[in-house]
Number of protein chains: 2
Amino acid sequence: MHKPENLKNAGLKSTLPRLKVLQLFETSKERHLSAEDVYKLLVSSGEVVSLATVYRVLTQFQQAGLLMQHHFESGKSVFELNSGEHHDHIVCLQCGHVEEFFDAAIEVRQEKAAVEHDFAIRDHALYIYADCTKKNCSRGSR
Amino acid sequence: MHKPENLKNAGLKSTLPRLKVLQLFETSKERHLSAEDVYKLLVSSGEVVSLATVYRVLTQFQQAGLLMQHHFESGKSVFELNSGEHHDHIVCLQCGHVEEFFDAAIEVRQEKAAVEHDFAIRDHALYIYADCTKKNCSRGSR
DNA sequence: TCGCGAATGATAATTGTTCTCATTTGAGAA
DNA sequence: TTCTCAAATGAGAACAATTATCATTCGCGA
């Protein structure tokens, strides 16, 4: 789905590090990755990329609309492929597992709240922090 | 409203720095303050408190339930007196101004989303980022 | 008033992220 | 294909927010 063309379309020169990062997001089983995650995954799969480059590329991809950036409570921000469909997140406080959801009613009420308070809404973040029920949960990370 | 008793009730020894911080939150016109804000406000009003102590006290107050902590996109976290009534926030991306709102319907739908995904909700954060209409907006801070 | 454990101050250490700058690379020109 | 050069990268320094360390000081009960 995402190919070098995507980089060109985004006005980004097609370089090795960029292709590797993009490919990682497309193939990783974990959809939400932090800069550190990306760096470690690349290194552990034998790729040589600098952490600085990972940060730069992630930021560029986010600005180009290829990735979405989120700020969970953990302190570090995480990225995910931009599916084009807005959604919010439920984050497990124990294992860091993230699940996505969308609720039209919530979206509507948010817009309403912004309007009522005389704000021009630009973006919003809804994070639900909870305990998930994964059998392998509680390994504590992220 | 909040007095030394509150500290004792919270199991915290009533010390000067703690009283000063608590008093600052009670009297400041800005309801949402970062650690840096608190530190600077105290210093500029002639008080002598260490930044490390400010961080410690804020954390203790938050754990004691006196303060609520929020993580806006700015990167630094902000605190506010715990009113006891849950509410969400609209944050101006330009001037950092924060407004509060509450929408029962949103709360209900969030709970529903968590249940549907088999999560035991522990906490949630809903931040709407927008441009406010304050005449003195756009000074850019926080 | 004394004594001791808890709290504080000053500063070093950590963490996540950005910046600097010398070196390398990709993509078009020759 | 080779050359050219701006753009991209790597390595490490620099930064900002926050936490940890540890010697000194303080609050509070005996």
Side-chain angles (χ1 to χ4, degrees), chain A residues 3-24 32-43 46-64 66-67 69-79 96 140-142, chain B residues 3-24 32-43 46-64 66-67 69-79 96 140-142:
Chain A
K3 287 277 152 45
E5 297 85 85
N6 295 64
L7 291 180
K8 298 234 179 61
N9 295 341
L12 294 169
K13 185 183 293 193
S14 164
T15 67
L16 237 45
R18 286 176 183 159
L19 289 171
K20 288 185 219 160
V21 170
L22 194 47
Q23 176 182 267
L24 178 61
H32 299 81
L33 301 172
S34 69
E36 194 71 24
D37 291 336
V38 170
Y39 177 69
K40 284 186 178 156
L41 284 172
L42 288 179
V43 168
E47 308 289 353
V48 186
V49 193
S50 139
L51 180 57
T53 298
V54 169
Y55 272 101
R56 274 187 297 238
V57 169
L58 289 177
T59 302
Q60 293 159 347
F61 283 5
Q62 183 257 305
Q63 287 167 348
L66 291 175
L67 295 179
Q69 179 171 21
H70 303 289
H71 302 83
F72 298 153
E73 272 190 19
S74 66
K76 48 176 70 171
S77 47
V78 303
F79 297 80
S141 77
R142 219 188 317 297
Chain B
K3 288 275 151 46
E5 297 84 86
N6 296 61
L7 291 180
K8 297 235 181 59
N9 295 341
L12 295 169
K13 187 182 289 193
S14 165
T15 67
L16 237 45
R18 285 175 183 161
L19 289 170
K20 289 186 221 160
V21 170
L22 194 47
Q23 176 182 267
L24 178 61
H32 300 81
L33 301 172
S34 69
E36 193 70 26
D37 291 336
V38 170
Y39 176 68
K40 284 186 178 154
L41 284 171
L42 288 179
V43 168
E47 307 289 353
V48 185
V49 193
S50 142
L51 180 58
T53 299
V54 169
Y55 273 101
R56 274 187 297 240
V57 170
L58 289 177
T59 302
Q60 292 161 347
F61 282 5
Q62 183 257 305
Q63 287 169 346
L66 292 175
L67 295 179
Q69 179 172 19
H70 303 290
H71 302 84
F72 298 153
E73 274 191 16
S74 66
K76 47 176 70 169
S77 47
V78 303
F79 297 79
S141 75
R142 218 191 314 298

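In what follows, chains carry the letters A, B, and so on, assigned in the order in which the sequence lines appear, proteins first and then strands, with residues in each chain numbered from 1.
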Round to a whole Å and report the spacing from [atom1] of [X] to [atom2] of [N].
{"X": "B:Lys20", "N": "C:dA7", "atom1": "NZ", "atom2": "P", "result": "16 Å"}
{"X": "A:Glu47", "N": "D:dG10", "atom1": "CD", "atom2": "C1'", "result": "15 Å"}
{"X": "A:Leu7", "N": "D:dA7", "atom1": "CG", "atom2": "P", "result": "17 Å"}
{"X": "B:Phe61", "N": "C:dA7", "atom1": "CZ", "atom2": "C1'", "result": "12 Å"}
{"X": "B:Leu12", "N": "D:dG27", "atom1": "CG", "atom2": "P", "result": "15 Å"}
{"X": "B:Arg18", "N": "D:dC26", "atom1": "CZ", "atom2": "C1'", "result": "11 Å"}
{"X": "A:Lys40", "N": "C:dT15", "atom1": "NZ", "atom2": "P", "result": "10 Å"}
{"X": "A:Tyr39", "N": "D:dT9", "atom1": "OH", "atom2": "P", "result": "15 Å"}

Using the side chain to side chain donor-acceptor pair (under 3.5 Å) criterion, which residues pair with [X]? Sequence neighbours excluded.
{"X": "A:Thr15", "value": "none"}
{"X": "B:His70", "value": "B:Glu80"}
{"X": "A:Gln69", "value": "A:Ser77"}

Report task. Quick one: closest heavy-atom pair of A:Ala35 and A:Leu51, and the distance? Result ->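 Minimum heavy-atom separation between A:Ala35 and A:Leu51: O-CD1, 4.4 Å.
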
For [X], check side chain to side chain contact (heavy atoms under 4.5 Å, CB included) against everything at least two apart and list the hits.
{"X": "B:Leu41", "answer": "B:Leu24, B:Leu33"}
{"X": "A:Gln63", "answer": "A:Thr59"}
{"X": "A:Leu67", "answer": "A:Phe25, A:Leu58, A:Phe61, A:Phe79, A:Leu81"}
{"X": "A:Gln23", "answer": "A:Thr27"}

Table of protein N/O atoms under 3.5 Å from nucleotides 17-19 of chain D N/O atoms:
unit_1, atom_1, unit_2, atom_2, d
D:dA17, OP1, B:Lys76, NZ, 3.3
D:dT18, OP1, B:Ser77, N, 3.0
D:dT18, OP1, B:Ser77, OG, 3.0
D:dT18, OP2, B:Tyr55, OH, 2.7

Query raised in the report: With the sugar-phosphate defined as primed atoms, P, OP1 and OP2, and the base as all remaining atoms, what B/S/- string results for nucleotides 21-30 of chain C, 5' to 3', for protein heavy atoms under 4.0 Å?
Result: -----SS---

Query raised in the report: Is any side-chain heavy atom of A:Val57 closer than 4.5 Å to a side-chain heavy atom of A:Leu22?
Result: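 Side-chain contact under 4.5 Å: no.
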
